[in-house]
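All values derive from a computational prediction rather than experimental measurement.
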Amino acid sequence: MDILEKLNWRYAVKKFDPTKKLNAAQLERVLEATRLSASSYGLQPYKVIVVKDPAVREALKAVSWNQPQITDASHLVIFARYDELKDDHVNNYIDRIAGARNLQRNELEGFENVMKGTVSRLSEDAAAVWTSKQAYLALGTLLTASAVEGIDACPMEGFDAAAYDEILGLKGKNLRTVVVAAIGFRAEEDGMQHAKKVRKPLEDFVELV
């Protein structure tokens, strides 16, 4: 597998084939790759929500400027940040580390205190920015993993986030919508798949110092 070939193949699909669906194994692989994404401290202060229900997706489409990707793609993946970071987020993560690495919890006290100190010092606005950045890291992983698996994707910011929160009942779950990705398979008539990818040349993109 040549990852550069795969990344040249991918593009933000605007027209999906609604008859083509990811099978369970394909969806699981993409989501597992997303779960393994980089995250500050490994804390993952966001949740991934997969929307399959057609009625819910129609409601979401109405608050997404009626973009067809919302309903035509195989699956709609929503990245939602935790609105309020609590000690429980850190406590649960430390418990998982201790269990996975066969450590006593008190051996992780220093790391735990660093995380709690960092989180507690964040203002509400700063916390929203930080948790959103973590969600975007995961989005990048999902897009790359999808390309590697031969699955199309379209990252999307064109929607009413507050309306998404309302439709999905996220407010009562301490969650706020950040960004969306439609995943599935491109329609044959989507002309953009034949367009040459345009990016900055490497010499303009990278500066060596």
Would you please test D165 and K171 for salt bridge (charged side-chain N to carboxylate O under 4.0 Å, His left out) and show each step? CA-CA 6 Å; D165 295 344; K171 293 181 180 180; over 6 Å; no
I'd like to know whether L76 forms a side-chain contact (heavy atoms from CB on, under 4.5 Å) with V180, so could you lay out the CA-CA distance, the side-chain angles of the two residues, the decisive distance to 0.1 Å, and finally the verdict. CA-CA 7 Å; L76 187 67; V180 170; 3.3 Å; yes
Let's go through F111 and I97 carefully: what are the C-alpha distance in whole Å and the side-chain angles of both, what is the deciding distance for side-chain contact (heavy atoms from CB on, under 4.5 Å) to 0.1 Å, and is it a yes or a no? CA-CA 11 Å; F111 184 43; I97 294 174; 3.8 Å; yes
When you look at M115 and I94, which way does the side-chain contact (heavy atoms from CB on, under 4.5 Å) test go after all the steps? CA-CA 10 Å; M115 279 193 288; I94 292 295; 3.6 Å; yes
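Counting non-hydrogen atoms of other residues, nucleotides and ligands closer than 6.0 Å to CD of E203 gives a total above 12. Around NZ of K200, the count of heavy atoms belonging to other residues, nucleotides or ligands within 6.0 Å does not exceed 12. In E166, the CD atom is not crowded: 12 or fewer heavy atoms of neighbouring residues, nucleotides or ligands sit closer than 6.0 Å.
L36 and L43 fall into different hydrophobic clusters, where Ile, Leu, Val, Met, Phe, Trp and Tyr residues are linked whenever their side-chain heavy atoms come under 4.5 Å apart, directly or through other members. In the hydrophobic clustering of ILVMFWY residues, with side-chain heavy atoms under 4.5 Å counting as a link, L85 and V48 come out apart. In the hydrophobic cluster analysis, where Ile, Leu, Val, Met, Phe, Trp and Tyr join through side-chain heavy atoms closer than 4.5 angstrom, V77 is grouped together with F185. Connection of V56 to I70 is established within a shared hydrophobic cluster, with ILVMFWY side chains joined at heavy-atom distances below 4.5 Å, either directly or through further cluster members. Hydrophobic clustering of Ile, Leu, Val, Met, Phe, Trp and Tyr side chains at less than 4.5 Å, counting indirect connections, keeps M192 apart from V198.
With hydrogens and angles disregarded, a donor-acceptor distance shorter than 3.5 Å links the side chain of Y93 to the backbone of Y41. Without hydrogens or angle criteria, S120 side chain to G117 main chain gives a donor-acceptor distance under 3.5 Å. With hydrogens and angles ignored, the 3.5 Å screen pairs no side-chain donor or acceptor of Q44 with any backbone N or O of S39. Between the side chain of S132 and the main chain of V178, no donor-acceptor pair closer than 3.5 Å is present. Between the side chain of Q67 and the backbone N or O of S64 there is at least one donor-acceptor pair closer than 3.5 Å. In this structure, the side chain of N174 does not engage the main chain of Y82 through any donor-acceptor pair within 3.5 Å. Judged by distance alone, with hydrogens and angles left aside, the side-chain atoms of R57 form a donor-acceptor pair with the main-chain N or O of A73 at under 3.5 Å. Counting only distance, with no hydrogens or angles, the side chain of D152 and the backbone of R186 share a donor-acceptor pair below 3.5 Å. Without hydrogens or angle criteria, H89 side chain to K86 main chain gives a donor-acceptor distance under 3.5 Å. In terms of modelled atom types and a separation under 3.5 Å, the side chain of E107 and the main chain of A98 share no donor-acceptor contact.
Residue A138 comes nearest to F79 through the heavy atom pair CB-CE2, 3.7 Å, listed as atom of the first residue, atom of the second, then distance. The shortest heavy-atom contact between C154 and V13 is CB-O, 3.1 Å. Contact record, R10 with A147: CB-CB, 3.9 Å, taken as the closest heavy-atom pair. Closest heavy-atom contact between L143 and A153: CD2-CB, 3.7 Å. Smallest separation of non-hydrogen atoms from I78 and T177: CG2-CG2, 3.8 Å. Heavy-atom minimum distance, K61 versus P68: CE-CA, 4.2 Å.
Between L175 atom CG and Y164 atom OH the span is 15.5 Å, to the nearest 0.5 Å. Here the straight-line distance linking atom CD of Q69 with atom CE of M156 works out to 4.0 Å at 0.5 Å rounding. Put simply, CD on E188 and NZ on K15 are 11.5 Å apart, with the number rounded to the nearest 0.5 Å. T34 OG1 to Y46 OH: the interatomic distance, rounded to the nearest 0.5 Å, is 8.0 Å. Expressed to the nearest 0.5 Å, how far CD1 of I183 lies from CG of L31 amounts to 6.5 Å. Here the straight-line distance linking atom NZ of K6 with atom OG of S146 works out to 11.5 Å at 0.5 Å rounding.
Electrostatic pairing of E32 and R29 does not count as a salt bridge here, judged by no charged N lying under 4.0 Å from a carboxylate O.
Proximity of I49 to L170: side-chain heavy atoms (C-beta onward) are separated by under 4.5 Å at one or more points. Side-chain contact check for Y136 versus V179: some heavy-atom pair is nearer than 4.5 Å. Residues W65 and D160 form no side-chain contact, since every pair of their non-hydrogen atoms from C-beta on lies 4.5 Å or further apart.
Looking only at atom types and distance, the side chain of N91 has a donor-acceptor partner in the side chain of K116 under 3.5 Å away.
Under a cutoff of 6.0 Å and an axis angle of 45°, R121 and W130 do not form a cation-pi pair.
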